[in-house]
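Report on one structure; see the data block that follows.
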Amino acid sequence: MERTDKAGVRVRFAPSPTGHLHVGGARTALYNWLLARSQGGTFVLRIEDTDLERSTEQAIDQIVDGLQWLGLDWDEGPRIGGPHGPYRQMERAGLYAEKADGLLADRKAYRCYCSAEDLDAARSQAREKGEPYIYDGRCQRLDGDTEAVFREEGRQSVIRLRTPTTGNTVVKDLVHGEVSFENVLCGDFILVRSSGVPTYNFAVAVDDIAMGITHVIRGDDHLPNTPKQLMVMAAMGEEPPQYAHLPLILGTDRAPLSKRHGDVSVEEFREHGYVREALCNYLALLGWSFDGETTLFSMEELVEKFSLERVGSTAAVFDRVKLLWMNGSYIRDMEPIELAERLEEFLPSTRLAGLPGGEGRPEIADLVPLVQEKLKTLADFVELTDFFFLPVEFEEKALDKLLSNGEAPALLRVAAGIIAEVEPYSSEAIEAAMRKAAEDMQVKLGKFLQPVRIAVSGKMVTPGMFETLSVLGREESLRRIEHVLSKQFKGHS
RNA sequence: GCCCCCAUCGUCUAGUGGCCUAGGACACCGCCCUUUCAAGGCGGCGGCGGGGAUUCGAAUUCCCCUGGGGGCACCA
């Protein structure tokens with residue numbers, strides 16, 4: 001066990017702003033955040049925008065929004081600053097230039113004047129011969145005069161790191177153990193592009209050191225980059241942080257999770273009615289486990305129980321069905337008031353926008369008790385309750401059922417009678433009266449209620465009928481039943 | 001092609017040589033409950049990729065194979 005100053009844990013989530021916050025990125029962020037919070041450490045958000053072509057301002061907003069929605073707050077980073085800022089790499093150009101100059105001065109790095117075309121050619125040639133391409137370091141020993149001539153000619157140059165040609169670089173990884181890479185295979189890689197913009201591996205190494213990062217938790221895809229970053233740090237004479245490379249998240253076909261597998265960004269899950277607790281819980285369990293038995297963890301419990309030691313090394317398939325179940329579980333266990341608030345936030349972006357609580361219409365809070373146990377997503381609320389707010393639209397199957405039921409008109413008249421007279425107009429009283437009526441008529445309750453259900457909602461599936469009639473109100477319930485009796489059954493009986 | 005990672009039910013996983021006739025969760029299949037649908041309860045189906053080696057004993061250790069994935073850029 002390495003010496004670790006627990007209170008000094010500093011982790012970072014370092015997304016490149018080239019798209020939405022992918023659930024894979026969200027999981028990486030979550031694990032970093034959990035480690036920081038569980039250790040009383042610091043969670044840093046750093047934007048790696050050195051890819052000028054693909055980075056966008058909009059992507060930064062989306063990532064920031066996504067993290068905030070998930071509840072993963074950062075202690076240092078964009079929007080809030082911090083003692084190690086700025087937190088966008090493009091704003092840290094001075095630092096990289098300074099470090100590059102230092103390496104140049106120490107002869108740990110050198111300028112290379114090879115053109116991109118020459119290198120491409122060499123690369124494809126190597127590939128043809130079936131050999132691995134490794135930069136041959138031809139610019140390593142340029143003498144001052146030659147360099148002066150090149151510069152005179154206006155040739156562009158990049159800065160390369162002088163890398164070891166023997167030995168191995170070993171990554172001590174907290175999830176994979178020791179992983180060894182042969183130095184020869186690496187080649188002198190580029191630190192600074194001819195444009196002056198640092199490459200990823202250089203910027204990351206410089207920043208992880210400069211920001212005092214103690215644990216780098218990131219995706220498995222970065223494992224092969226790690227020896228390069230270690231070389232940069234070694235050249236700068238710095239001690240590297242500890243590393244933990246998380247296995248990838250796969251789609252059901254075991255290919256890396258992508259759009260064609262369905263929703264992949266936290267934004268999409270949010271729009272489709274998922275709650276943050278479920279997404280965090282699910283993501284936490286995708287690669288980490290506590291005891292193999294417990295599956296539901298509140299954020300507090302995750303913070304309390306999370307540890308890198310229990311992060312697995314196997315790539316995991318993203319199971320939407322399980323996430324959906326978990327989402328339903330969280331919705332069911334929520335305080336009704338809390339659920340009402342979530343719906344309050346969610347509904348404005350649906351076709352129910354502005355409807356609940358309006359003139360004579362039920363409030364969200366009135367409906368929550370009727371649907372809470374049926375919801376798997378917040379979006380389900382819309383399908384389940386739209387008839388309370390909108391004119392009844394009959395589902396084809398429901399209408400067929402209703403019209404083909406010869407007893408329906410009679411049953412509906414009995415129901416209408418009860419609705420018109422029952423006192424008080426409460427679900428309990430309605431239930432008592434209807435149960436009795438069913439018994440008196442010697443029909444099963446379900447048979448009695450189904451026509452009512454369809455008449456009042458147009459659907460085969462609704463919340464409990466007594467509660468529904470109660471919330472809908474005496475007038476409206478009657479109106480709907482009468483309407484069916486007079487219009488739909490016109491000429492039938 | 002080269003380098004690296006990974007391998008337990010369909011899926012997420014527990015399991016660190018004997019407690020394993022392999023445990024839990026989701027899914028699936030029955031049954032119960034029931035005004036529809038869910039939810040819930042009970043029960044069931046289902047797995048250590050293959051081959052060697054070590055050992056009294058291997059899901060657990062080692063090697064090979066196979067399979068999956070990642071990386072080999074003036075992308076991150």
Side-chain angles (χ1 to χ4, degrees), chain A residues 14-18 48-51 53-55 112 114-116 119-120 123 126-134 156-160 171 173 175-176 179-182 185-187 189-195 197-201 203-204 219-227 245 247-248 250 252 254-256 282 285-296 310 312-326 328-329 332 371-376 380 384 398 431 434-435 438 444-450 452-454 457 459-466 468:
Chain A
S16 50
T18 55
E48 309 213 321
D49 54 356
T50 54
D51 182 349
E53 310 279 291
R54 298 194 298 154
S55 297
C112 164
C114 297
S115 70
L119 296 174
D120 283 346
R123 208 178 352 260
R127 186 146 305 192
E128 265 175 44
K129 279 194 271 180
E131 289 168 4
Y133 170 73
I134 301 164
Q156 301 258 305
S157 68
V158 299
I159 298 175
R160 287 182 185 272
V171 178
D173 191 276
V175 348
H176 293 287
V179 184
S180 180
F181 296 85
E182 277 188 80
L185 269 19
C186 177
F189 57 91
I190 294 171
L191 262 23
V192 181
R193 299 180 252 245
S194 51
S195 63
V197 177
T199 58
Y200 168 76
N201 283 125
V204 166
D220 239 354
D221 47 336
H222 289 289
L223 191 48
N225 284 319
T226 311
H245 287 94
L248 264 32
L250 277 23
T252 38
R254 304 214 75 105
Y282 181 71
L285 248 23
L286 212 54
W288 169 85
S289 71
F290 174 60
D291 56 7
E293 308 275 300
T294 319
T295 54
L296 262 18
R310 294 201 57 86
S313 50
T314 319
V317 172
F318 191 86
D319 184 355
R320 288 156 200 289
V321 179
K322 188 163 184 175
L323 203 212
L324 187 63
W325 163 78
M326 201 173 268
S329 168
R332 284 194 297 281
V371 300
Q372 182 158 13
E373 62 183 7
K374 299 179 195 298
L375 301 182
K376 287 210 167 64
D380 290 345
L384 226 37
E431 174 164 10
M434 290 201 168
R435 280 189 187 280
K444 294 187 80 172
L445 190 60
K447 197 162 171 49
F448 178 32
L449 257 24
Q450 198 59 10
V452 181
R453 184 187 314 283
I454 295 171
S457 69
K459 299 171 190 287
M460 294 290 285
V461 175
T462 70
M465 216 50 238
F466 311 126
T468 295

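So that the names make sense, note that chain A is the first sequence line, chain B the second, and so on, each numbered from 1. For the numbers below, each heavy atom of this structure counts, side chains included, while hydrogens, waters and symmetry mates do not.
- Atoms CG (Asp380(A)) and P (U36(B)) sit 19 Å apart, rounded to a whole Å.
- Looking only at distances, a side-chain donor or acceptor of Arg310(A) sits under 3.5 Å from a matching main-chain atom of Phe290(A).
- Among the heavy atoms of the strands lying under 4.0 Å from Gly287(A) are primed sugar atoms or P, OP1, OP2 only; no base atom is included.
- As a whole-Å value, the separation of Leu191(A) CG from A76(B) P is 12 Å.
- The shortest heavy-atom contact between Met460(A) and Arg453(A) is O-CD, 3.2 Å.
- Under the Watson-Crick or G-U wobble criterion, with both distances below 3.5 Å, G67(B) is paired with C6(B).
- In this structure, Tyr133(A) atom OH and A73(B) atom C1' are separated by 10 Å, rounded to whole Å.
- With hydrogens and angles disregarded, no donor-acceptor distance shorter than 3.5 Å links the side chain of Ser289(A) to the backbone of Leu285(A).
- Remark on RNA chain B: of its neighbouring residues Gly312(A) and Leu445(A), the 5'-side contact belongs to Gly312(A), judged by nearest-heavy-atom nucleotide.
- Here the side chain of Ser194(A) is nearest to one of C74(B), U11(B), U36(B), namely C74(B).
- One can place CG of Leu375(A) at 14 Å from P of G40(B), the figure rounded to the nearest angstrom.
- Taking the P atom of each, C26(B) and G43(B) are spaced 14 Å apart, rounded to whole Å.
- Closest contact between the side chain of Thr462(A) and the listed nucleotides A76(B), A39(B), U36(B) involves U36(B).
- Residue-to-nucleotide contacts include a donor-acceptor pair under 3.5 Å from the side chain of Arg453(A) to the base of U35(B).
- Distances from the side chain of Ile190(A) to the nucleotides A38(B), U36(B), C74(B) place C74(B) closest.
- Screening Thr468(A), Val452(A), Thr462(A) for a side chain to side chain contact (heavy atoms under 4.5 Å, CB included) with Ser457(A), the sole residue that qualifies is Thr462(A).
- Note on Asn225(A): a base of the nucleic acid sits closer than 4.0 angstrom, heavy atoms only.
- Remark: the separation of the C1' atoms in U61(B) and C72(B) is 32 Å, to the nearest Å.
- If you take CD1 of Ile134(A) and P of A73(B), they are 10 Å apart, rounded to a whole angstrom.
- Remark: Leu445(A) CG to Met465(A) CE distance equals 11.5 Å, nearest 0.5 Å.
- Residue-level contact check: Pro256(A) touches the backbone only, with heavy atoms under 4.0 Å from sugar-phosphate atoms and none from bases.
- Closest to the side chain of His176(A), out of C3(B), U35(B), C5(B), is C5(B).
- The nucleotide whose nearest atom lies closest to any side-chain atom of Glu48(A) is, among A76(B), C5(B), G69(B), A76(B).
- Nucleotides G24(B) and C9(B) are separated by 16 Å at their P atoms, to the nearest Å.
- Note on Thr18(A): nothing from the nucleic acid sits closer than 4.0 angstrom, heavy atoms only.
- Using a 4.0 Å heavy-atom criterion, one finds that Ser313(A) contacts the sugar-phosphate atoms exclusively.
- The pairing partner recorded for C33(B) is none, the criterion being a Watson-Crick or G-U wobble arrangement whose two distances lie under 3.5 angstrom.
- Contacts of Glu373(A) with the nucleic acid, taken as non-hydrogen atoms under 4.0 Å apart, include base atoms.
- In this structure G1(B) sits in a base pair with C72(B), meeting the Watson-Crick or G-U test at under 3.5 Å.
- Note on Cys112(A): nothing from the nucleic acid sits closer than 4.0 angstrom, heavy atoms only.
- In this structure, of C37(B), G70(B), A14(B), it is G70(B) that holds the atom nearest to the side chain of Pro224(A).
- Residue contacts for Phe290(A): at a heavy-atom cut-off of 4.0 Å it reaches no nucleic acid atom on any strand shown.
- Side-chain N/O atoms of Lys444(A) include none lying less than 4.0 angstrom from OP1 or OP2 on U34(B).
- In this structure, Lys447(A) reaches neither bases nor backbone, as no heavy-atom distance under 4.0 Å exists between it and the strands shown.
- Across all strands, Arg320(A) comes closer than 4.0 Å to no nucleic acid atom at all (heavy-atom distances).
- Taking atom C1' on both nucleotides, A14(B) is separated from A76(B) by 35 Å, rounded to a whole Å.
- A25(B): Watson-Crick or G-U partner is U11(B), with both key distances under 3.5 Å.
- Glu182(A) has its CD atom 15 Å from the C1' atom of G71(B), to the nearest Å.
- Ser289(A) comes within 4.0 angstrom of the backbone, heavy atoms only, and of no base.
- Proximity of Arg435(A) to the phosphate of U35(B): a side-chain N or O atom is located under 4.0 Å from OP1 or OP2.
- If you find the closest nucleotide of RNA chain B to Pro247(A) and to Tyr200(A), the one lying nearer the 5' end belongs to Pro247(A).
- Considering all non-hydrogen atoms of both residues, Leu250(A) and Ala315(A) come closest at CD2-CB, 3.6 Å.
- Side-chain N/O atoms of Arg254(A) include one lying less than 4.0 angstrom from OP1 or OP2 on C12(B).
- The side chain of Leu185(A) sits closest to C3(B) out of C74(B), U11(B), C3(B).
- Contact check, Arg160(A) against A73(B): no side-chain N or O comes under 4.0 Å of OP1 or OP2.
- Contact annotation: the side chain of Leu384(A) never approaches that of Lys459(A) to less than 4.5 Å [non-hydrogen atoms, C-beta and beyond].
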Provide a list of protein-nucleic acid N or O atom pairs under 3.5 angstrom, restricted to nucleotides 22-26 of chain B.
{"from": "G23(B)", "atom 1": "O2'", "to": "Glu293(A)", "atom 2": "OE2", "distance (Å)": "3.4"}
{"from": "G23(B)", "atom 1": "N2", "to": "Gly292(A)", "atom 2": "O", "distance (Å)": "2.9"}
{"from": "G24(B)", "atom 1": "O4'", "to": "Glu293(A)", "atom 2": "OE2", "distance (Å)": "3.4"}
{"from": "G24(B)", "atom 1": "O2'", "to": "Glu293(A)", "atom 2": "O", "distance (Å)": "3.1"}
{"from": "G24(B)", "atom 1": "N3", "to": "Gly292(A)", "atom 2": "O", "distance (Å)": "3.4"}
{"from": "A25(B)", "atom 1": "N3", "to": "Lys322(A)", "atom 2": "NZ", "distance (Å)": "3.1"}

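- Contact annotation: the side chain of Phe318(A) never approaches that of Thr252(A) to less than 4.5 Å [non-hydrogen atoms, C-beta and beyond].
- In this structure, the NE2 atom of His222(A) is 15 Å from the C1' atom of C4(B), given to the nearest Å.
- A donor-acceptor contact shorter than 3.5 Å is absent between the side chain of Ser16(A) and the backbone of Asp49(A).
- Summarising the geometry, the separation between CG on Asp221(A) and P on C5(B) is reported as 15 Å, rounded to the nearest angstrom.
- Considering only the side chain of Thr314(A), U8(B) comes nearest among A76(B), C74(B), U8(B).
- Between Pro198(A) and Thr50(A) the shortest side-chain heavy-atom distance falls below 4.5 Å.
- Pro247(A) places a side-chain heavy atom less than 4.5 Å from the side chain of Asp220(A).
- The pairing partner recorded for C62(B) is G52(B), the criterion being a Watson-Crick or G-U wobble arrangement whose two distances lie under 3.5 angstrom.
- Side-chain atoms of Asp221(A) and His245(A) include no donor-acceptor pair closer than 3.5 Å.
- Remark: the separation of the C1' atoms in G67(B) and G41(B) is 41 Å, to the nearest Å.
- To the nearest whole angstrom, the two C1' atoms, one in G17(B) and one in A22(B), are 15 Å apart.
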